[in-house]
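Down below is the structure, laid out as C-alpha cells.
In what follows, every heavy atom counts, from backbone to side chain, and hydrogens, waters and symmetry copies are set aside.
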Amino acid sequence: MIPYHVVWKGPVQKASGLGRASRAYVQSLKRQGVAVSIGASNQHKSKKVLIYHRIPNSIQWKKERSIYDLIILNTVWETSKIPNGWLPHMNKFDAVCVPSQQNKRTLRNSGVKVPIFVVPHGVNSKEFHPNNKRMSLPGVAGRFTFVSVFGFQHRKNPEGLLRAYWEEFSSKDNVVLVIKTNGYAAHENERWIQTKISQYKKRLGIQKDTAPVVIIGRQLSESRLKGLYTLGDVFVLPTRGEGVGLPFLEALASGVPVITTSWGGQMDFLTHSNSFLIPYQLRSPSSSMNRAISKKFSNLFAQKGQRWAEPDLGSLKKLMRKAYQNPGLCKHKGRQGRKDMLHLSWDRAGVIMKHAIEEVIRSKK
C-alpha cells in the first residue's frame, strides 16, 4: 500500500452526537495504525487524504484540491432525499462514507454517482454498560422509567412522544418520563424548553392528572449521561428520521431496550429481539411542521420530494403500555441489546473506514 496521511476536518470539538462520532472515528483510525491529524495538512511526503466531515456544500474546492490528493466526504442524512444544494458538490468527492444502509440508498436515489461506502458508527460497550451507577433524580426512584435523549428539534418528534405519554398514562400509573434534551440557540435553555412543553400541553387541552415528566435541558457530564441510560427501564424516541441514532446504540449497550420508529439508519441494528418497533407512514416533512413545538430546520427538511416517517401514535401508546406492564420483557430485550452491541465497536468502524480509504487510493492509481 502507498503510504498515506489522513487529515480530518469535522466537528471534533463539539459536544453534540456528531462531535462525539467525529472524535470516535479519528481515534478508531489511529488505533488501526492510520496517520491522522485534525484540521490541517502537514508536510508529509506521502499521499494526502482529506476526510471532510462537514456539510458538503461548505467545502472550498479550489483550495482543498490544491492541497490533497484525495477528498472523501463523511456524511449522514435523515430523510429519503438529500438537500438540493448538496448534490452538485457530492459528485465532486472521490468517494462518500455514510453510517447506514438507508443513507446509501438515499444518496443513490438522490443522484450521487461516486463510490459510497457504509462505515457504521460504533459504541464503546466498556463505557456504556448495564453496571453504570444510575443517575439520581428526585421523584424517580421506584417508578418505571422511560428515558429519552435528543436535540429539541422537530425531526425527533418531541410532540409525538409527549402527547402519547400524557394520553396513555395518568398519576395512577407508577411511571415517569425523563427527557434529556438541548436547544440550538443561546436562548433555547432548559426553562425555555420547559415553557414550550407546558404551552403545548395547554394547547392540546389535556386536563387530566398526567404522569410526571422530568426535563433536563442542560449539558450533562459523560458519567451522568451514562447513568441516565441505566436509570431507564426502556429508552423511547418516536423519531421521524435518523442517519444512525447514537442514543439507541448507547441505550442498548447499557442493557436498556428501545421503543422507536421502524424506519431510519437505526434499522441496521434494531430488531424485534432488542426493541419495540413502531409502525409508520412516509410523509412529507412539511406536513407536520405547522404543529412543531421545537426547531424545524425547514430549509433542510422541507424540500420538494423529501419523505420521512410519521410514527403511529396509537401504536406508540400501546408499546409504552406494554413495556410498563412487562418489566421482565424489557430486561430480556435489554440483555439481547447489550449482546448485540458487543459486535458494534468503534474499532470495527475504524477497520471498515481504513479499508474504504485504501480502496479509494487503489482505484485512483
Side-chain angles (χ1 to χ4, degrees), residues 6-23 25-26 36-41 48-119 121 151 153-156 184-185 240-246 264-265 284-286 289 294-308 353 356-357 360 363-364:
V6 168
V7 173
W8 188 281
K9 288 194 179 178
V12 285
Q13 306 304 332
K14 292 206 169 164
S16 63
L18 206 60
R20 285 163 64 209
S22 215
R23 289 189 291 280
Y25 277 128
V26 169
V36 187
S37 54
I38 293 169
S41 178
K48 288 198 191 81
V49 180
L50 171 62
I51 297 190
Y52 196 75
H53 192 198
R54 291 191 179 133
I55 292 172
N57 53 354
S58 64
I59 191 167
Q60 296 174 282
W61 280 110
K62 205 170 172 185
K63 179 188 163 203
E64 306 298 24
R65 280 288 180 206
S66 70
I67 301 170
Y68 298 99
D69 300 293
L70 293 168
I71 303 179
I72 298 171
L73 175 67
N74 188 48
T75 195
V76 62
W77 191 242
E78 295 95 356
T79 76
S80 64
K81 183 173 174 282
I82 60 172
N84 299 329
W86 285 21
L87 187 61
H89 291 275
M90 287 182 104
N91 281 323
K92 290 183 189 172
F93 287 92
D94 295 296
V96 180
C97 292
V98 293
S100 62
Q101 294 295 338
Q102 177 165 306
N103 270 193
K104 184 174 181 174
R105 288 192 296 274
T106 291
L107 265 59
R108 281 281 176 253
N109 293 342
S110 300
V112 175
K113 302 277 191 281
V114 298
I116 301 171
F117 296 90
V118 176
V119 181
H121 279 189
Q153 60 163 300
H154 183 61
R155 175 170 62 82
K156 302 289 187 174
Y184 293 89
R240 294 180 164 105
E242 298 291 330
V244 183
L246 203 52
S284 159
S286 54
M289 283 186 179
S294 54
K295 196 108 169 179
K296 293 188 268 199
F297 296 105
S298 50
N299 58 320
L300 292 170
F301 294 127
Q303 295 187 6
K304 196 177 171 195
Q306 286 181 331
R307 294 283 179 273
W308 65 17
M353 186 169 269
I357 294 164
V360 177
S363 72
K364 295 288 180 181

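Annotation for Asn84 and Gln303: closest pair N-OE1, 2.7 Å, computed over non-hydrogen atoms. Minimum heavy-atom separation, Ala302 to Ser286: CB-CB, 4.0 Å.
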Please test Ser37 against Trp8 for side-chain hydrogen bond (donor to acceptor under 3.5 Å, both in side chains), starting from the C-alpha separation and ending with a verdict. CA-CA 6 Å; Ser37 54; Trp8 188 281; over 6 Å; no
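The distance from atom NZ of Lys296 to atom CE of Met289, rounded to the nearest 0.5 Å, is 7.5 Å. Distance SG/Cys97 to CD1/Ile116: 10.0 Å, rounded to 0.5 Å. Considering NZ of Lys9 and OG of Ser58, their distance stands at 10.0 Å, rounded to 0.5 Å. The distance from atom CD1 of Ile51 to atom NE2 of His53, rounded to the nearest 0.5 Å, is 10.0 Å. Rounding to the nearest 0.5 angstrom, the gap separating the CG atom in Leu87 from the OG atom in Ser110 is 7.0 Å. For the atom pair Trp308 CH2 and Arg155 CZ, the distance stands at 7.5 Å (nearest 0.5 Å).
A donor-acceptor distance shorter than 3.5 angstrom exists from the side chain of Arg108 to the backbone of Val112, with no hydrogens or angles considered. At distances below 3.5 Å, not a single donor-acceptor pair connects side-chain atoms of Tyr52 with backbone N or O atoms of Asn74. Checked by atom type and distance alone, the side chain of Asn91 pairs as donor or acceptor with a backbone atom of Lys113 at under 3.5 Å. With Asp94 contributing its side chain and Ile71 its backbone, the two residues share a donor-acceptor pair below 3.5 Å.
One side chain, Trp77 or Thr79, offers a donor N or O that lies under 3.5 Å from an acceptor on the other.
Phe117 pairs by the ring-ring contact (aromatic ring centres under 6.0 Å, His included) definition with nothing, not counting sequence neighbours. The salt bridge (Lys or Arg N to Asp or Glu O under 4.0 Å) test applied to Arg23 returns no partner, not counting sequence neighbours.
Side-chain contact check for Leu50 versus Ile72: every heavy-atom pair is 4.5 Å or farther apart. Between Val7 and Lys48 the shortest side-chain heavy-atom distance does not fall below 4.5 Å. A 4.5 Å side-chain heavy-atom check between Arg54 and Ile59 finds every atom pair outside the cut-off.
For the pairing with Ile82, the side chain to side chain contact (heavy atoms under 4.5 Å, CB included) check across Thr75, Thr106, Asn109, Leu300 returns one residue only, Thr106. The residue from His154, Gln153, Arg307 that alone fulfils the side chain to side chain contact (heavy atoms under 4.5 Å, CB included) condition with Arg240 is His154.
By the 4.0 Å N-to-carboxylate-O rule, Lys156 lies close enough to Glu242 to be salt-bridged with it.
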